Student: 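Sending over a structure as structure tokens; questions will come in a sec.
What you see is a predicted model; the values in this text were computed from it and never measured.
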Amino acid sequence: MRSKVLLLLSAVAVAACSNDSTAPDPDLDASTIDIGAFGTALTTEGAYDADLYQLRLANGLPDSLKLTDAQKAQIKALVDAYLAATKADREALIAIIREATEAIRAKKPREEIRAIIERAAPIRARLAAAEAALKAAIDAVLTPEQRAWLASHRPQRCDPSKFPPLTDAQKAQIRSLENAFVENNRADLEAVKNAVEQARAAKTREEALTILNSVRPAIERLELARRQLRAAIENVLTPEQKASGCVPLG
């Protein structure tokens with residue numbers, strides 16, 4: 001839904017700028033309706049959207065910091081609540097953008113088009129706040145070690161205002177890649193998960209190391225698989241999306 005909204009916003013901005021009745025109005029260019037208005041809390045993590053962030057947290061963390069089943073359930077509940085709570089605003093925003101698009105096609109006065117677009121401002125602000133609140137709530141579910149790892153792997157050059165929104169096709173491709181990663185590596189994921197749990201319960205450091213070393217080949221295969229997953233997700237992105245520096249999480 002978010003990508004559909006952003007694509008509509010982009011269409012409105014382009015159409016507004018291409019209206020040949022007068023010179024381009026700087027108040028109606030793409031910078032007026034930028035991706036940042038939708039909240040950059042997840043884009044700056046290289047996760048792009050709430051449901052994709054949920055997938056990347058499940059698959060992107062190293063084995064020693066994997067989400068527990070309880071954490072996965074909590075994060076899913078938070079994402080589901082976010083999507084439900086923002087549904088009305090997202091639909092209202094789509095309606096406004098469609099109205100603006102129709103006004104542009106009908107060659108309505110620029111002032112009228114701008115007034116329509118400006119009605120979206122409070123909605124965009126609420127969506128930005130909601131996404132930031134979701135990110136904060138998810139952070140609260142994570143351990144300090146998980147948060148530290150995510151912070152150290154955050155895209156340093158990410159400029160969300162230059163990240164063109166994902167299309168629905170791109171989101172579907174990324175979900176497919178994530179699901180394939182889980183299916184193709186299920187045995188190794190389970191083996192490492194069980195080993196980590198046993199190591200945490202070990203009475204001595206030596207015993208814990210012995211348990212972890214027993215699944216060292218699986219750990220190495222998973223590290224390679226994660227690098228391949230990250231590269232595959234990057235290949236889904238357009239050159240413009242890559243240039244923004246907002247690379248995939250993990």
Side-chain angles (χ1 to χ4, degrees), residues 1-13 32-61 67-101 115-144 146-147 150-151 154-155 158 160-161 163-176 178-179 233 241 244 246 248-250:
M1 178 69 79
R2 176 173 178 261
S3 49
K4 288 181 181 178
V5 171
L6 289 168
L7 287 172
L8 283 167
L9 287 172
S10 298
V12 171
T32 305
I33 317 172
D34 65 297
I35 190 171
F38 285 82
T40 62
L42 301 182
T43 305
T44 53
E45 296 290 334
Y48 316 128
D49 214 340
D51 50 355
L52 293 181
Y53 189 48
Q54 181 180 346
L55 280 173
R56 295 306 288 133
L57 285 176
N59 297 335
L61 289 167
L67 295 177
T68 65
D69 289 342
Q71 286 179 310
K72 290 179 182 178
Q74 286 178 281
I75 291 171
K76 182 180 186 304
L78 288 170
V79 170
D80 288 348
Y82 162 83
L83 293 174
T86 59
K87 184 175 184 292
D89 269 345
R90 287 181 285 119
E91 291 178 349
L93 188 56
I94 287 177
I96 290 173
I97 299 307
R98 284 177 177 161
E99 183 182 349
T101 302
I116 295 171
I117 293 174
E118 286 175 353
R119 280 165 37 207
I123 300 175
R124 288 154 49 196
R126 287 196 298 272
L127 288 173
E131 186 173 311
L134 172 65
K135 173 63 168 54
I138 291 176
D139 280 348
V141 172
L142 304 176
T143 66
Q146 288 168 330
R147 291 195 297 271
L150 290 170
R154 182 177 296 124
C158 176
S161 68
F163 185 88
L166 294 175
T167 64
D168 287 342
Q170 284 179 306
K171 291 185 69 174
Q173 283 180 279
I174 293 173
R175 288 194 190 94
S176 178
E178 295 278 359
N179 292 333
I233 292 175
Q241 288 168 331
S244 72
C246 302
L249 170 69

Student: Is there a side-chain contact between L78 and Q54 (heavy atoms, below 4.5 Å)?
Tutor: no
Student: Return the set of residues passing salt bridge (charged side-chain N to carboxylate O under 4.0 Å, His left out) with D51 (not counting sequence neighbours), or none when no residue passes.
Tutor: K171, R175
Student: Evaluate side chain to side chain contact (heavy atoms under 4.5 Å, CB included) for L42 paired with D49, printing each intermediate quantity in order.
Tutor: CA-CA 6 Å; L42 301 182; D49 214 340; 5.5 Å; no
Student: If the condition is side chain to side chain donor-acceptor pair (under 3.5 Å), which residues does N179 pass it with, not counting sequence neighbours?
Tutor: none
Student: For R147, what residues pass the side chain to side chain donor-acceptor pair (under 3.5 Å) criterion, not counting sequence neighbours?
Tutor: none
Student: Looking at Y53 and K135, what are the two nearest heavy atoms and their distance?
Tutor: OH-CE, 3.5 Å
Student: Can you name the residues that form a side chain to side chain contact (heavy atoms under 4.5 Å, CB included) with E118, not counting sequence neighbours?
Tutor: R114
Student: Check whether any side-chain heavy atom of L67 lies under 4.5 Å from a side-chain heavy atom of L142, and answer yes or no.
Tutor: yes
Student: Do the non-hydrogen side-chain atoms of R90 and I123 ever get within less than 4.5 Å of each other?
Tutor: no
Student: Could you report the tightest heavy-atom contact between V141 and Q74, atom names first, then the distance?
Tutor: CG1-OE1, 3.7 Å
Student: Would you say that R56 contacts I233 through its side chain, given a criterion of any heavy-atom pair below 4.5 Å between the two side chains?
Tutor: yes
Student: Taking side chain to side chain contact (heavy atoms under 4.5 Å, CB included) as the definition, give me every residue that meets it alongside S244, ordered by chain and number, with sequence neighbours left out.
Tutor: K162, F163, C246
Student: Are any of the side-chain nitrogens in K87 or E91 under 4.0 Å away from the carboxylate oxygens of its partner?
Tutor: yes
Student: Just to verify, what does T68 make a side chain to side chain contact (heavy atoms under 4.5 Å, CB included) with, not counting sequence neighbours?
Tutor: A70, Q71
Student: Going by salt bridge (charged side-chain N to carboxylate O under 4.0 Å, His left out), name the residues that satisfy it together with R154, two or more places apart in sequence or in a different chain.
Tutor: E45
Student: In the structure I gave you, are the side-chain heavy atoms of L166 and L52 within less than 4.5 Å of one another anywhere?
Tutor: yes
Student: Got a donor-acceptor contact below 3.5 angstrom from the T86 side chain to the D89 backbone?
Tutor: no
Student: Are side-chain heavy atoms of L57 and I75 found at a separation under 4.5 Å?
Tutor: yes
Student: Just by modelled atom types, is the T143 backbone N or O under 3.5 Å from a matching donor or acceptor in the Q146 side chain?
Tutor: yes
Student: What residues form a side chain to side chain contact (heavy atoms under 4.5 Å, CB included) with D80, not counting sequence neighbours?
Tutor: K76
